[in-house]
Amino acid sequence: MNRIILIGNGFDLAKGLKSRYTDFIDRFWYNMIESFNNRNSSRFENDFIQIIDARFNYKGRTDIFNYKSFNGALKNSGTKIKFKNNFLRIISEKYYCNWVDIEDEYFREIRKIITDFKSFPDREDTYDNIKKLNDDFKEIKLELKKYLIEELENFDLEDFDFKNISECFNLLDFTSKGVEEFQEDYFSKTDDIEKQSAFLKKKEQIKKNNYIYCETDIYPEEVLYLNFNYTNFTTKLKECIKRHSWKLDDWAKTRIDILHIHGELNNPQNPIIFGYGDENDEIHNEIEKKGGDYLTNIKTINYLKTPNYKSLLNFLESGIYQIFILGHSCGLSDKTLLKTMFEHENCISIKPFYYINEKGQNNYDDIVKNIYRTFSDKPLMRDKVVNEKYCEEIQV
């Protein structure tokens, strides 16, 4: 039996990397304010914005450090920001917390363009609108790449807490069908009566919901780290595992593979994928009909630029597997890919690892709500997802 470990942005955040959307956009505007303060005239202009008759300098003011404070100060002085990049205006004003929200916003803009065209079919600027949206979106992606590269230059993953990823399999994490498949996988071909007897006793404990006594001493044959981030933390994690002398012989035999499914920084052979991946949305048929530039940032199309997606499908078909979720929100922008993994007949368990905020609240419910939206078969979802009682806090 195998295991897939989904690595999302929450994983990098837990290790201390400032990779939130708010980290990026605040740094972007901080640099913009610095450039504005160093201008040589009353006019300020770059690829993103234009400010005319800017009479004031805000250097040294600690209360002006992001878009909200900068825009407010300009308004108070009778000056406005004119945006060349309209998508930057949208995401700056709404100030989202998660990258998935930015991808959703991009999709909403496509929806708006199509809706406007339906209302005003004689408009001639529809093509220009989608082309401008894609150009604006591309500029944001380039800025994101620059930001992450700068952050990683002064950051390294020296060590790692292996508690989550080194878990052996537990029967209470599996679907009832999965327990039978697991038994067949490991015990039907053995003559070891003692092992068979011990396993049957664990199966009896399932009826009592006794998690501790349902734990096996079996570890994955193969582990696939499916990295949705653009950073190289999973590669460093694999190196970190090799550096340790494992006491667990079974784990030491586990084959570990990594797929950077959304691309990697500084790797032209695996370009960054940032866009939208919900092909079940009601307006998606309209997007398909439009074709061309409307499909530029649809993830399914961009997956075909590398063998990564095909490699994932091969892994799904290779045998039964459990999914661990470490720092991934399971939002709709990845719905198509997640649905393929979650609803696959070989998937017998989905286990979210949650984080706990400063108020002592965990985000298990948020993850599960998104998983719920991914499934078409709701009873299957309830069977596969491990309940909160048996899930744990993410430890990296």
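Note that the coordinates shown come from a computational prediction; the quantities given were computed from them, not determined experimentally.
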Could you check whether the rings of [X] and [Y] sit parallel, tilted or perpendicular, using 30° and 60° as the cut-offs?
X: F107; Y: H284; value: parallel
X: F48; Y: F28; value: perpendicular
X: Y106; Y: F137; value: parallel
X: F36; Y: F44; value: perpendicular
X: Y303; Y: H262; value: parallel

Kindly determine whether D26 and Y95 satisfy side chain to side chain donor-acceptor pair (under 3.5 Å), including the steps that lead there.
CA-CA 9 Å; D26 282 349; Y95 199 68; 2.8 Å; yes
When rounded to the nearest 0.5 angstrom, what is the spacing between [atom1] in [X] and [atom2] in [Y]?
X: I218; Y: F169; atom1: CD1; atom2: CZ; result: 8.5 Å
X: D53; Y: I51; atom1: CG; atom2: CD1; result: 11.0 Å
X: M381; Y: I371; atom1: CE; atom2: CD1; result: 6.0 Å
X: I113; Y: L133; atom1: CD1; atom2: CG; result: 5.0 Å

Is [X] linked to [Y] within one hydrophobic cluster, defined over Ile, Leu, Val, Met, Phe, Trp and Tyr using a side-chain heavy-atom separation of less than 4.5 Å?
X: V100; Y: F353; answer: no
X: L74; Y: F65; answer: no
X: I323; Y: I5; answer: no
X: L17; Y: L6; answer: no
X: I325; Y: F174; answer: no

Ignoring hydrogens and angles, state whether a donor on the side chain of [X] or [Y] is under 3.5 Å from an acceptor on the partner side chain.
X: S35; Y: N38; value: no
X: K84; Y: N46; value: no
X: E279; Y: T300; value: yes
X: S19; Y: N9; value: yes
X: N302; Y: K305; value: yes
X: K339; Y: S376; value: yes

For Y372, is the NZ or CZ atom of K378 found under 6.0 angstrom from the centre of its six-membered ring and inside 45 degrees of the ring axis?
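Output yes; distance and angle both within limits.
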Is a donor on one side and an acceptor on the other found under 3.5 Å between the side chain of E221 and the backbone of M1?
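Checked: pair present.
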Can you give me the closest heavy-atom contact between [X] and [Y], atom names plus distance?
X: N370; Y: C330; answer: CB-O, 3.0 Å
X: K299; Y: S333; answer: NZ-O, 3.2 Å
X: N362; Y: I356; answer: CB-CG1, 4.1 Å
X: I367; Y: P352; answer: CG2-CB, 4.0 Å

Determine, step by step, whether K384 and E343 satisfy the salt bridge (charged side-chain N to carboxylate O under 4.0 Å, His left out) criterion, reporting the C-alpha distance in whole Å, the side-chain angles of both residues, the deciding distance to 0.1 Å, and the verdict.
CA-CA 9 Å; K384 288 188 177 187; E343 293 194 335; over 6 Å; no
Does the side chain to side chain contact (heavy atoms under 4.5 Å, CB included) test come out yes or no for W29 and L88, once each step is laid out?
CA-CA 11 Å; W29 279 105; L88 173 65; 4.2 Å; yes
Any side-chain heavy-atom pair from [X] and [Y] closer than 4.5 angstrom?
X: N314; Y: E317; value: no
X: I4; Y: F315; value: yes
X: I90; Y: E105; value: yes
X: I81; Y: F70; value: yes

One pair to check against salt bridge (charged side-chain N to carboxylate O under 4.0 Å, His left out): E180 and K203. What are the steps and the verdict?
CA-CA 10 Å; E180 300 306 318; K203 283 183 69 176; 3.0 Å; yes
Please say whether more than 12 non-hydrogen atoms of neighbouring residues, nucleotides or ligands are located less than 6.0 Å from [atom1] in [X].
X: Y213; atom1: OH; value: no
X: K202; atom1: NZ; value: yes
X: R20; atom1: CZ; value: no
X: L304; atom1: CG; value: yes

Assess whether side chain to side chain contact (heavy atoms under 4.5 Å, CB included) is satisfied between E151 and R27, documenting all intermediate values.
CA-CA 11 Å; E151 284 297 302; R27 176 76 62 79; 2.8 Å; yes
Worked check of salt bridge (charged side-chain N to carboxylate O under 4.0 Å, His left out) between K132 and D136:
CA-CA 6 Å; K132 178 66 166 63; D136 288 353; 2.8 Å; yes
Is there a salt bridge (charged side-chain N to carboxylate O under 4.0 Å, His left out) between K146 and E143 once you walk through the steps?
CA-CA 5 Å; K146 287 194 293 185; E143 290 298 315; 2.9 Å; yes
Decide side chain to side chain contact (heavy atoms under 4.5 Å, CB included) for D101 and E103; before the verdict, give the C-alpha distance in whole Å, the side-chain angles of both, and the deciding distance to 0.1 Å.
CA-CA 5 Å; D101 298 318; E103 294 177 313; over 6 Å; no
Between H260 and N270, does a side chain to side chain donor-acceptor pair (under 3.5 Å) hold up when you go through it step by step?
CA-CA 8 Å; H260 299 278; N270 192 14; 5.7 Å; no
Test side chain to side chain donor-acceptor pair (under 3.5 Å) applied to N297 and K141, step by step
CA-CA 11 Å; N297 291 299; K141 286 193 284 185; 3.0 Å; yes
D293 and K131 ion-paired at < 4.0 Å:
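Judged by the 4.0 Å cut-off on N to carboxylate O distance, D293 and K131 do not form a salt bridge.
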Are K290 and E286 within salt-bridge range, i.e. N to O under 4.0 Å?
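No, K290 and E286 are not salt-bridged.
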Under the ring-ring contact (aromatic ring centres under 6.0 Å, His included) test, which residues partner Y211, sequence neighbours left out?
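In terms of ring-ring contact (aromatic ring centres under 6.0 Å, His included), with neighbours along the sequence ignored, Y211 is linked to Y390.
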Below 6.0 angstrom between ring centroids: does that apply to W99 and F24?
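Ring centroids of W99 and F24 are less than 6.0 Å from each other.
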Could you give me the CA-CA distance, side-chain angles and deciding distance for N170 and E215, then say whether side chain to side chain donor-acceptor pair (under 3.5 Å) is met?
CA-CA 4 Å; N170 192 303; E215 187 176 273; 4.6 Å; no
